[in-house]
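Shown next, in C-alpha coordinates, is the structure this report addresses.
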There are 2 protein chains.
Amino acid sequence: MKKIIFVFSALSICILALFQISKYSFISSYTSIEFIIALVAVIFLFIGLYLNRKNKNVKKLQSEEIDWKTVKKLGISNREYEVLVEISKGYSNKEIGEHLFVSESTIKTHVSNLLVKLEAKRRTEALRRAKELHIIVG
Amino acid sequence: MKKIIFVFSALSICILALFQISKYSFISSYTSIEFIIALVAVIFLFIGLYLNRKNKNVKKLQSEEIDWKTVKKLGISNREYEVLVEISKGYSNKEIGEHLFVSESTIKTHVSNLLVKLEAKRRTEALRRAKELHIIVG
DNA sequence: CTCAATTTGGTACTTTAGTATGACCCTAAG
DNA sequence: CTTAGGGTCATACTAAAGTACCAAATTGAG
(Lines give C-alpha, C1' and ligand atoms only; values in the text may rest on other atoms or scores of the structure.)
Protein backbone atom coordinates (compact mmCIF):
# COMPACT_ATOMS: atom_id res chain seq x y z
CA MET A 1 0.00 0.00 0.00
CA LYS A 2 2.88 2.34 0.75
CA LYS A 3 4.23 1.62 -2.70
CA ILE A 4 0.95 2.66 -4.33
CA ILE A 5 0.87 5.98 -2.44
CA PHE A 6 4.48 6.66 -3.39
CA VAL A 7 3.85 5.85 -7.03
CA PHE A 8 0.79 8.10 -7.22
CA SER A 9 2.68 10.94 -5.61
CA ALA A 10 5.52 10.50 -8.10
CA LEU A 11 3.06 10.42 -10.98
CA SER A 12 1.35 13.59 -9.81
CA ILE A 13 4.69 15.39 -9.61
CA CYS A 14 5.59 14.11 -13.08
CA ILE A 15 2.34 15.37 -14.56
CA LEU A 16 2.75 18.81 -12.97
CA ALA A 17 6.33 18.97 -14.21
CA LEU A 18 5.21 18.06 -17.70
CA PHE A 19 2.57 20.78 -17.56
CA GLN A 20 5.27 23.31 -16.82
CA ILE A 21 7.35 22.01 -19.71
CA SER A 22 4.35 22.08 -21.99
CA LYS A 23 3.73 25.75 -21.19
CA TYR A 24 7.19 26.69 -22.35
CA SER A 25 7.05 24.52 -25.41
CA PHE A 26 3.62 25.95 -26.21
CA ILE A 27 5.16 29.38 -26.56
CA SER A 28 8.36 28.31 -28.31
CA SER A 29 7.27 26.25 -31.29
CA TYR A 30 4.66 24.03 -32.90
CA THR A 31 6.46 20.74 -33.42
CA SER A 32 7.77 20.51 -29.87
CA ILE A 33 4.24 20.00 -28.55
CA GLU A 34 3.90 16.86 -30.57
CA PHE A 35 7.29 15.81 -29.31
CA ILE A 36 6.27 16.41 -25.71
CA ILE A 37 3.12 14.36 -26.15
CA ALA A 38 5.10 11.50 -27.70
CA LEU A 39 7.61 11.76 -24.86
CA VAL A 40 4.82 11.64 -22.28
CA ALA A 41 3.34 8.63 -24.04
CA VAL A 42 6.63 6.75 -24.04
CA ILE A 43 7.46 7.68 -20.44
CA PHE A 44 4.10 6.56 -19.10
CA LEU A 45 4.18 3.44 -21.22
CA PHE A 46 7.42 2.44 -19.53
CA ILE A 47 6.04 3.47 -16.12
CA GLY A 48 3.13 1.11 -16.76
CA LEU A 49 5.48 -1.68 -17.78
CA TYR A 50 7.65 -1.06 -14.71
CA LEU A 51 4.71 -1.08 -12.30
CA ASN A 52 3.40 -4.38 -13.58
CA ARG A 53 6.86 -5.93 -13.58
CA LYS A 54 7.06 -5.17 -9.85
CA ASN A 55 3.65 -6.68 -9.35
CA LYS A 56 4.62 -9.81 -11.26
CA ASN A 57 7.73 -10.38 -9.16
CA VAL A 58 5.74 -10.02 -5.97
CA LYS A 59 3.13 -12.49 -7.14
CA LYS A 60 5.77 -14.96 -8.27
CA LEU A 61 7.48 -14.78 -4.90
CA GLN A 62 4.20 -15.25 -3.08
CA SER A 63 3.50 -18.52 -4.87
CA GLU A 64 7.02 -19.79 -4.19
CA GLU A 65 7.25 -18.60 -0.60
CA ILE A 66 7.01 -21.08 2.23
CA ASP A 67 4.15 -20.65 4.68
CA TRP A 68 6.06 -21.05 7.93
CA LYS A 69 2.96 -20.19 9.92
CA THR A 70 1.31 -23.37 8.67
CA VAL A 71 4.44 -25.37 9.43
CA LYS A 72 4.30 -24.22 13.05
CA LYS A 73 0.54 -24.65 13.23
CA LEU A 74 0.93 -28.29 12.21
CA GLY A 75 3.57 -28.76 14.90
CA ILE A 76 6.27 -29.78 12.42
CA SER A 77 9.70 -29.50 14.05
CA ASN A 78 12.91 -28.33 12.39
CA ARG A 79 14.27 -31.82 11.90
CA GLU A 80 10.97 -33.10 10.58
CA TYR A 81 10.88 -30.28 8.08
CA GLU A 82 14.39 -31.11 6.91
CA VAL A 83 13.26 -34.67 6.33
CA LEU A 84 10.22 -33.43 4.42
CA VAL A 85 12.44 -31.43 2.08
CA GLU A 86 14.64 -34.48 1.51
CA ILE A 87 11.58 -36.55 0.70
CA SER A 88 10.53 -33.93 -1.85
CA LYS A 89 13.94 -34.38 -3.48
CA GLY A 90 13.09 -38.03 -4.05
CA TYR A 91 15.50 -39.64 -1.62
CA SER A 92 14.96 -42.90 0.28
CA ASN A 93 14.93 -43.07 4.07
CA LYS A 94 18.41 -44.56 3.99
CA GLU A 95 19.78 -41.78 1.79
CA ILE A 96 18.13 -39.11 3.93
CA GLY A 97 19.77 -40.67 6.98
CA GLU A 98 23.15 -40.42 5.30
CA HIS A 99 22.57 -36.78 4.32
CA LEU A 100 21.52 -35.79 7.84
CA PHE A 101 24.06 -38.08 9.55
CA VAL A 102 21.52 -40.13 11.49
CA SER A 103 20.24 -43.70 11.24
CA GLU A 104 17.45 -44.89 8.97
CA SER A 105 15.39 -45.66 12.08
CA THR A 106 15.44 -42.01 13.06
CA ILE A 107 14.26 -40.98 9.61
CA LYS A 108 11.46 -43.52 9.82
CA THR A 109 10.35 -41.99 13.11
CA HIS A 110 10.41 -38.50 11.60
CA VAL A 111 8.53 -39.66 8.51
CA SER A 112 5.88 -41.37 10.64
CA ASN A 113 5.39 -38.17 12.63
CA LEU A 114 5.21 -36.15 9.43
CA LEU A 115 2.53 -38.45 8.01
CA VAL A 116 0.41 -37.98 11.11
CA LYS A 117 0.87 -34.21 11.13
CA LEU A 118 0.15 -33.92 7.41
CA GLU A 119 -2.76 -36.37 7.62
CA ALA A 120 -1.23 -38.57 4.93
CA LYS A 121 -0.89 -42.33 4.50
CA ARG A 122 2.12 -42.26 2.18
CA ARG A 123 5.11 -40.01 1.62
CA THR A 124 3.81 -39.13 -1.83
CA GLU A 125 0.51 -38.04 -0.31
CA ALA A 126 2.44 -36.04 2.28
CA LEU A 127 4.28 -34.33 -0.57
CA ARG A 128 1.02 -33.35 -2.22
CA ARG A 129 -0.42 -32.03 1.05
CA ALA A 130 2.77 -30.08 1.72
CA LYS A 131 2.55 -28.49 -1.73
CA GLU A 132 -1.12 -27.62 -1.23
CA LEU A 133 -0.27 -25.97 2.08
CA HIS A 134 2.64 -24.10 0.47
CA ILE A 135 5.11 -25.41 3.03
CA ILE A 136 7.49 -26.72 0.37
CA VAL A 137 8.44 -25.35 -3.04
CA GLY A 138 6.77 -26.85 -6.12
CA MET B 1 5.79 -12.09 -32.56
CA LYS B 2 2.58 -11.34 -34.42
CA LYS B 3 1.24 -9.81 -31.23
CA ILE B 4 4.19 -7.45 -30.96
CA ILE B 5 3.78 -6.25 -34.56
CA PHE B 6 0.07 -5.69 -34.00
CA VAL B 7 0.68 -3.76 -30.78
CA PHE B 8 3.31 -1.53 -32.37
CA SER B 9 1.02 -0.79 -35.30
CA ALA B 10 -1.78 0.10 -32.92
CA LEU B 11 0.53 2.34 -30.90
CA SER B 12 1.74 4.14 -34.03
CA ILE B 13 -1.85 4.80 -35.08
CA CYS B 14 -2.67 6.06 -31.58
CA ILE B 15 0.27 8.48 -31.60
CA LEU B 16 -0.67 9.83 -35.03
CA ALA B 17 -4.29 10.21 -33.93
CA LEU B 18 -3.20 12.07 -30.81
CA PHE B 19 -1.05 14.38 -32.93
CA GLN B 20 -4.10 15.29 -34.96
CA ILE B 21 -6.10 15.91 -31.82
CA SER B 22 -3.28 18.01 -30.36
CA LYS B 23 -3.30 20.24 -33.46
CA TYR B 24 -6.94 21.09 -33.01
CA SER B 25 -6.65 21.60 -29.28
CA PHE B 26 -3.60 23.80 -29.84
CA ILE B 27 -5.79 26.21 -31.73
CA SER B 28 -8.86 25.99 -29.53
CA SER B 29 -7.65 26.73 -25.99
CA TYR B 30 -4.80 26.65 -23.49
CA THR B 31 -6.05 24.26 -20.79
CA SER B 32 -7.01 21.54 -23.24
CA ILE B 33 -3.35 20.94 -24.14
CA GLU B 34 -2.63 20.05 -20.56
CA PHE B 35 -5.69 17.83 -20.58
CA ILE B 36 -4.51 16.07 -23.72
CA ILE B 37 -1.10 15.44 -22.23
CA ALA B 38 -2.66 14.05 -19.05
CA LEU B 39 -4.96 11.90 -21.15
CA VAL B 40 -2.04 10.59 -23.19
CA ALA B 41 -0.17 9.82 -19.99
CA VAL B 42 -3.08 7.86 -18.50
CA ILE B 43 -3.80 6.00 -21.75
CA PHE B 44 -0.22 4.91 -22.25
CA LEU B 45 0.13 4.03 -18.58
CA PHE B 46 -2.75 1.61 -18.97
CA ILE B 47 -1.37 0.34 -22.27
CA GLY B 48 1.88 -0.42 -20.46
CA LEU B 49 0.01 -2.18 -17.67
CA TYR B 50 -2.01 -4.18 -20.19
CA LEU B 51 1.02 -5.24 -22.21
CA ASN B 52 2.84 -6.54 -19.17
CA ARG B 53 -0.23 -8.32 -17.90
CA LYS B 54 -0.33 -10.21 -21.18
CA ASN B 55 3.34 -11.00 -20.80
CA LYS B 56 2.86 -12.22 -17.25
CA ASN B 57 0.09 -14.60 -18.24
CA VAL B 58 2.21 -16.03 -21.04
CA LYS B 59 5.15 -16.58 -18.71
CA LYS B 60 2.95 -18.16 -16.08
CA LEU B 61 1.50 -20.53 -18.63
CA GLN B 62 4.93 -21.46 -19.92
CA SER B 63 6.09 -22.57 -16.49
CA GLU B 64 2.91 -24.57 -15.94
CA GLU B 65 2.69 -26.02 -19.41
CA ILE B 66 3.51 -29.67 -19.98
CA ASP B 67 6.41 -30.48 -22.28
CA TRP B 68 4.77 -33.18 -24.39
CA LYS B 69 7.81 -33.37 -26.63
CA THR B 70 9.86 -34.66 -23.72
CA VAL B 71 7.12 -37.13 -22.82
CA LYS B 72 7.29 -38.59 -26.30
CA LYS B 73 11.07 -38.46 -26.40
CA LEU B 74 11.20 -40.58 -23.24
CA GLY B 75 8.81 -43.08 -24.82
CA ILE B 76 6.18 -42.65 -22.11
CA SER B 77 2.84 -44.05 -23.31
CA ASN B 78 -0.61 -42.60 -22.61
CA ARG B 79 -1.41 -45.09 -19.90
CA GLU B 80 1.95 -44.67 -18.27
CA TYR B 81 1.46 -40.92 -18.21
CA GLU B 82 -1.93 -41.34 -16.56
CA VAL B 83 -0.28 -43.44 -13.88
CA LEU B 84 2.42 -40.79 -13.44
CA VAL B 85 -0.22 -38.15 -12.82
CA GLU B 86 -1.95 -40.38 -10.27
CA ILE B 87 1.36 -40.91 -8.50
CA SER B 88 1.84 -37.15 -8.34
CA LYS B 89 -1.53 -36.95 -6.59
CA GLY B 90 -0.15 -39.18 -3.84
CA TYR B 91 -2.14 -42.33 -4.50
CA SER B 92 -0.95 -45.90 -3.87
CA ASN B 93 -0.71 -48.49 -6.65
CA LYS B 94 -3.90 -50.10 -5.39
CA GLU B 95 -5.81 -46.80 -5.43
CA ILE B 96 -4.50 -45.94 -8.89
CA GLY B 97 -5.69 -49.34 -10.10
CA GLU B 98 -9.15 -48.58 -8.76
CA HIS B 99 -9.22 -45.15 -10.40
CA LEU B 100 -8.13 -46.52 -13.80
CA PHE B 101 -10.20 -49.73 -13.46
CA VAL B 102 -7.26 -52.12 -13.76
CA SER B 103 -5.48 -54.41 -11.32
CA GLU B 104 -2.65 -53.39 -9.02
CA SER B 105 -0.33 -55.67 -11.01
CA THR B 106 -0.90 -53.59 -14.12
CA ILE B 107 -0.08 -50.42 -12.24
CA LYS B 108 3.10 -52.02 -10.93
CA THR B 109 4.13 -52.82 -14.48
CA HIS B 110 3.44 -49.25 -15.59
CA VAL B 111 5.31 -47.82 -12.61
CA SER B 112 8.30 -50.06 -13.28
CA ASN B 113 8.39 -48.91 -16.90
CA LEU B 114 8.07 -45.29 -15.77
CA LEU B 115 10.99 -45.66 -13.37
CA VAL B 116 13.19 -46.99 -16.16
CA LYS B 117 12.12 -44.27 -18.59
CA LEU B 118 12.58 -41.53 -16.01
CA GLU B 119 15.85 -43.04 -14.75
CA ALA B 120 14.55 -43.15 -11.18
CA LYS B 121 14.78 -45.71 -8.39
CA ARG B 122 11.68 -44.64 -6.50
CA ARG B 123 8.34 -43.08 -7.35
CA THR B 124 9.29 -39.97 -5.38
CA GLU B 125 12.46 -39.63 -7.44
CA ALA B 126 10.39 -40.12 -10.61
CA LEU B 127 8.14 -37.30 -9.42
CA ARG B 128 11.10 -35.00 -9.00
CA ARG B 129 12.50 -35.90 -12.41
CA ALA B 130 9.09 -35.38 -14.01
CA LYS B 131 8.86 -31.93 -12.43
CA GLU B 132 12.36 -31.01 -13.59
CA LEU B 133 11.46 -32.08 -17.13
CA HIS B 134 8.20 -30.09 -16.96
CA ILE B 135 6.12 -33.11 -17.91
CA ILE B 136 3.83 -32.75 -14.88
CA VAL B 137 2.50 -29.64 -13.12
CA GLY B 138 4.26 -28.54 -9.92
C1' DC C 1 15.85 -27.48 38.73
C1' DT C 2 11.82 -29.44 36.49
C1' DC C 3 8.90 -30.46 32.79
C1' DA C 4 7.77 -30.89 28.07
C1' DA C 5 9.24 -31.28 23.54
C1' DT C 6 12.77 -32.65 20.43
C1' DT C 7 15.97 -35.76 18.60
C1' DT C 8 17.87 -39.91 18.43
C1' DG C 9 17.81 -45.02 17.98
C1' DG C 10 16.33 -49.74 18.39
C1' DT C 11 13.28 -54.16 17.62
C1' DA C 12 9.62 -56.50 15.57
C1' DC C 13 6.13 -56.39 12.62
C1' DT C 14 2.89 -55.32 8.51
C1' DT C 15 2.21 -53.13 4.32
C1' DT C 16 3.46 -51.12 0.12
C1' DA C 17 6.66 -50.69 -3.61
C1' DG C 18 9.42 -52.48 -7.04
C1' DT C 19 11.77 -56.42 -10.03
C1' DA C 20 11.75 -60.26 -13.05
C1' DT C 21 9.48 -63.12 -15.89
C1' DG C 22 6.02 -64.96 -18.65
C1' DA C 23 1.66 -64.77 -20.83
C1' DC C 24 -2.47 -63.08 -23.49
C1' DC C 25 -5.11 -59.74 -26.29
C1' DC C 26 -5.48 -56.00 -29.47
C1' DT C 27 -4.19 -52.81 -33.03
C1' DA C 28 -1.62 -50.40 -36.48
C1' DA C 29 2.23 -50.65 -39.68
C1' DG C 30 4.86 -53.10 -43.00
C1' DC D 1 -0.22 -62.20 -42.54
C1' DT D 2 3.43 -61.07 -39.54
C1' DT D 3 5.47 -58.09 -36.32
C1' DA D 4 6.07 -54.48 -32.88
C1' DG D 5 4.19 -51.90 -29.33
C1' DG D 6 0.85 -51.01 -25.97
C1' DG D 7 -2.08 -52.68 -22.37
C1' DT D 8 -3.50 -56.17 -19.37
C1' DC D 9 -2.61 -59.58 -15.52
C1' DA D 10 -0.32 -63.08 -12.53
C1' DT D 11 3.25 -65.24 -9.57
C1' DA D 12 7.21 -65.07 -6.76
C1' DC D 13 10.51 -62.61 -4.97
C1' DT D 14 13.34 -58.61 -2.74
C1' DA D 15 13.49 -54.01 -1.05
C1' DA D 16 11.65 -50.12 0.90
C1' DA D 17 8.24 -47.87 3.59
C1' DG D 18 5.54 -47.45 7.47
C1' DT D 19 3.58 -48.83 12.42
C1' DA D 20 3.90 -49.64 17.23
C1' DC D 21 6.31 -49.40 21.19
C1' DC D 22 9.97 -48.36 23.91
C1' DA D 23 13.93 -45.76 25.71
C1' DA D 24 17.66 -42.43 26.38
C1' DA D 25 20.07 -37.95 25.71
C1' DT D 26 19.37 -33.07 24.78
C1' DT D 27 17.41 -28.70 25.02
C1' DG D 28 14.63 -24.76 26.10
C1' DA D 29 11.08 -22.41 28.87
C1' DG D 30 9.14 -21.47 33.22
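FYI, side chains are in, hydrogens and waters are out, and symmetry mates aren't considered; it's all heavy atoms of this structure. Letters A, B, ... mirror the listed sequences (proteins, then strands); counts begin at 1.
Hydrophobic clustering (ILVMFWY, side-chain heavy atoms < 4.5 Å, transitive): B/Val83 and B/Val116 are in distinct clusters.
For the helix from C/dC1-D/dG30 to C/dG30-D/dC1, the rotation axes defined at the first and last 5 base pairs enclose an angle of 50°, given to the nearest 10°.
Across all their heavy atoms, B/Ile135 and B/Tyr81 have their closest contact at O-OH, 2.6 Å. A/Asn113 and A/Glu80 make their closest contact through CB-OE2, 3.4 Å (heavy atoms, listed as atom of the first residue, atom of the second, distance). Closest heavy-atom contact between A/Ala126 and A/Ala120: N-CB, 3.5 Å.
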A/Glu125 vs A/Arg129, salt bridge (charged side-chain N to carboxylate O under 4.0 Å, His left out): CA-CA, chis, key distance, verdict: CA-CA 6 Å; A/Glu125 196 182 342; A/Arg129 279 283 294 157; over 6 Å; no

Kindly indicate, with the supporting measurements, whether the criterion side-chain contact (heavy atoms from CB on, under 4.5 Å) is fulfilled by B/Leu84 and B/Leu118. CA-CA 11 Å; B/Leu84 180 60; B/Leu118 288 169; 4.1 Å; yes

What do the steps show when you test A/Arg122 against B/Glu95 for salt bridge (charged side-chain N to carboxylate O under 4.0 Å, His left out), and what is the final call? CA-CA 12 Å; A/Arg122 288 162 290 281; B/Glu95 287 171 332; 2.7 Å; yes

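Under the 4.0 Å criterion applied to side-chain N and carboxylate O atoms, A/Lys94 and A/Glu98 are not assigned as salt-bridge partners.
Listed in residue order, the members of residues 77-88 of chain A having a heavy atom less than 4.0 Å from DNA chain D come to none. For DNA chain D, the neighbouring residues in residues 118-133 of chain B, judged by any heavy atom under 4.0 Å, are B/Arg122. Residues from residues 106-117 of chain A lying near DNA chain C, meaning a heavy-atom separation below 4.0 Å, are A/Thr106, A/Thr109, A/His110 in numerical order. Contacts of residues 91-100 of chain A with DNA chain D (heavy atom under 4.0 Å): A/Ser92, A/Asn93.
Following rounding to the nearest Å, A/Glu104 (CD) and C/dT7 (C1') show an atom-to-atom distance of 17 Å.
Looking only at side-chain heavy atoms (C-beta outward), B/Leu133 and B/Asp67 stay at 4.5 Å or farther from each other. The closest side-chain heavy-atom distance from B/Arg79 to B/Val102 is below 4.5 Å. Between B/Glu65 and B/His134, the closest side-chain pair of non-hydrogen atoms is not below 4.5 Å. In this structure the side chain of A/Leu115 never reaches within 4.5 angstrom of the side chain of A/Lys121, judged on heavy atoms.
In this structure, a donor-acceptor pair under 3.5 Å is present between the side chains of B/Asn93 and B/Arg123. For A/Thr106 and A/Ser103, the side-chain atoms include at least one donor-acceptor pair closer than 3.5 Å.
Rounding to the nearest 0.5 Å places CD1 of A/Ile87 at 8.5 Å from CD1 of A/Ile107. The OG atom of B/Ser92 sits 7.0 Å away from atom CD of B/Glu104, with the distance rounded to the nearest 0.5 Å.
For A/Ser112 (side chain) and A/Thr109 (main-chain N/O), no donor-acceptor pair under 3.5 Å exists by modelled atom type.
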Polar-atom pairs under 3.5 Å, protein N or O versus N or O of nucleotides 24-30 of chain C: list them with distances, or write none.
none

